[in-house]
Amino acid sequence: MSDNETRDIFVSGLRSAHAMENQALSIMKPQLSRIENYPEVAAKLEHHIRETEGQIERLEDVLEGLNEDHSTLKDLALSFTGAMAAMGHTVAGDEILKNSFANFAFENFEIAAYKSLLTVAEVGGHNAAALALQANLAEEVAMANWLNENIVDVTRRFISLREAGQTAKV
């Protein structure tokens with residue numbers, strides 16, 4: 001494979017990651033606006049939204065360093081699908097649980113994407129990008145771990161609210 005082909009794969013992957021992070025924002029922001037009874041989830045989402053905005057900046061910096069820009073079309077398409085996914089859970093009586101499952105799955109998707117991008121960066125000799133990609137990966141791993149460690153507590157709180165006759169609203 002030529003250096004140009006590897007570079008093209010890398011740039012395409014960076015653009016996809018940029019769009020993926022915009023999709024993540026379009027999922028998390030509506031969730032955050034609806035959370036009432038889960039302050040720990042709200043705090044973590046708010047924190048991860050800020051991290052995600054930083055991840056987007058890092059990806060833009062890497063793309064700029066390659067004299068490339070992000071794909072507006074990919075950004076718009078994935079942001080739209082993210083918003084639709086977030087909206088789809090609002091009609092569920094167990095929205096907080098559905099959001100938790102979906103967020104955990106999405107975080108693991110992002111982890112896989114960053115691991116793949118780091119591999120392409122290594123193969124293509126794009127060592128300058130590695131720190132930014134490793135920082136993004138570490139934040140996604142931390143969020144996935146937090147979701148994994150807290151799903152039992154979120155589920156118990158949901159059951160407790162429902163059994164008490166209170167709204168278990170997100």
Requested in this report: Would you give the length of the straight line joining atom CD1 of I111 to atom OG of S116, rounded to the nearest 0.5 angstrom?
Outcome: 13.5 Å
**Report entry** Side chains of N103 and Q31, donor plus acceptor under 3.5 Å
**Finding:** yes
Query raised in the report: Quick one: CD1 on I9 to CD on E5, what's the gap to the nearest 0.5 Å?
Result: 7.0 Å
Would you tabulate the side-chain donor-acceptor contacts of residues 142-153 under 3.5 Å, counting partners in other chains and residues two or more places apart, or write 'none'?
from	atom 1	to	atom 2	distance (Å)
N145	ND2	V141	O	3.4
N150	ND2	W146	O	2.8

Requested in this report: Check whether any side-chain heavy atom of L14 sits under 4.5 Å from a side-chain heavy atom of L66, and report yes or no.
Outcome: yes
Report task. Quick one: closest heavy-atom pair of V62 and A132, and the distance? Result -> CG2-CB, 3.8 Å
Query raised in the report: side chain to side chain donor-acceptor pair (under 3.5 Å) with R50: which residues, sequence neighbours excluded?
Result: none
Query raised in the report: In Å and rounded to the nearest 0.5 Å, what is the CD to CG distance from E57 to N136?
Result: 10.5 Å
Query raised in the report: Taking the side chain from S160 and the backbone from R156, do they hold a donor-acceptor pair closer than 3.5 Å?
Result: no
Requested in this report: Over all heavy atoms of both residues, which pair between Y38 and F158 is shortest? Give the atoms and the distance, please.
Outcome: OH-CA, 3.2 Å
**Report entry** Pairs involving residues 114-143, ordered by first then second residue, that meet salt bridge (Lys or Arg N to Asp or Glu O under 4.0 Å) (sequence neighbours left out)
**Finding:** R58-E139
Requested in this report: Could I get the full list of ring-ring contact (aromatic ring centres under 6.0 Å, His included) partners for F10, not counting sequence neighbours?
Outcome: H126
**Report entry** Contact summary for A24 and T52, nearest pair of heavy atoms
**Finding:** CB-CG2, 4.3 Å
Query - Evaluation steps, side chain to side chain contact (heavy atoms under 4.5 Å, CB included), between L133 and L59 - result: CA-CA 8 Å; L133 297 174; L59 289 165; 3.9 Å; yes
Query raised in the report: Passes salt bridge (Lys or Arg N to Asp or Glu O under 4.0 Å), R157 versus E40? Steps please.
Result: CA-CA 11 Å; R157 177 142 176 81; E40 68 290 344; 5.2 Å; no
Query raised in the report: Does I49 have any side-chain contact (heavy atoms from CB on, under 4.5 Å) partners at least two apart in sequence or in another chain, and if so, which?
Result: L25, M28, K29, L32, E53
Requested in this report: State plainly whether one hydrophobic cluster holds both V41 and F101, where clusters connect Ile, Leu, Val, Met, Phe, Trp and Tyr through side-chain heavy atoms under 4.5 angstrom apart.
Outcome: yes
Query raised in the report: Ion pair present between R15 and D69, side-chain N to carboxylate O less than 4.0 angstrom?
Result: yes
Requested in this report: Give a yes or no on whether the backbone of D8 and the side-chain of S12 come within a donor-acceptor separation of less than 3.5 Å.
Outcome: no
Query raised in the report: Which ring pair (Phe, Tyr, Trp, His ring centres under 6.0 Å) pairs, counting each pair once, include a residue from residues 39-66, with sequence neighbours left out?
Result: none
Report summary line: d(E21 CD, E51 CD) to nearest 0.5 Å is 10.0 Å
Query - Derivation of the side chain to side chain contact (heavy atoms under 4.5 Å, CB included) call for Y114 and Q134 - result: CA-CA 8 Å; Y114 282 117; Q134 288 167 347; over 6 Å; no
Query raised in the report: Could you give the distance from CG (L137) to CD (Q55), rounded to the nearest 0.5 Å?
Result: 9.5 Å
Query - Donor-acceptor contact present, side-chain S33 to main-chain P30, <3.5 Å - result: yes
Query raised in the report: Run the side chain to side chain contact (heavy atoms under 4.5 Å, CB included) check on N37 and I96 step by step: do they pass?
Result: CA-CA 10 Å; N37 294 319; I96 188 68; over 6 Å; no
Requested in this report: Using atom types as modelled and distance alone, determine if a side-chain donor or acceptor of R162 lies under 3.5 Å from a backbone N or O of D94.
Outcome: no
Query raised in the report: Roughly how far, to the nearest 0.5 Å, is the CD atom of Q23 from the OG atom of S16?
Result: 11.0 Å
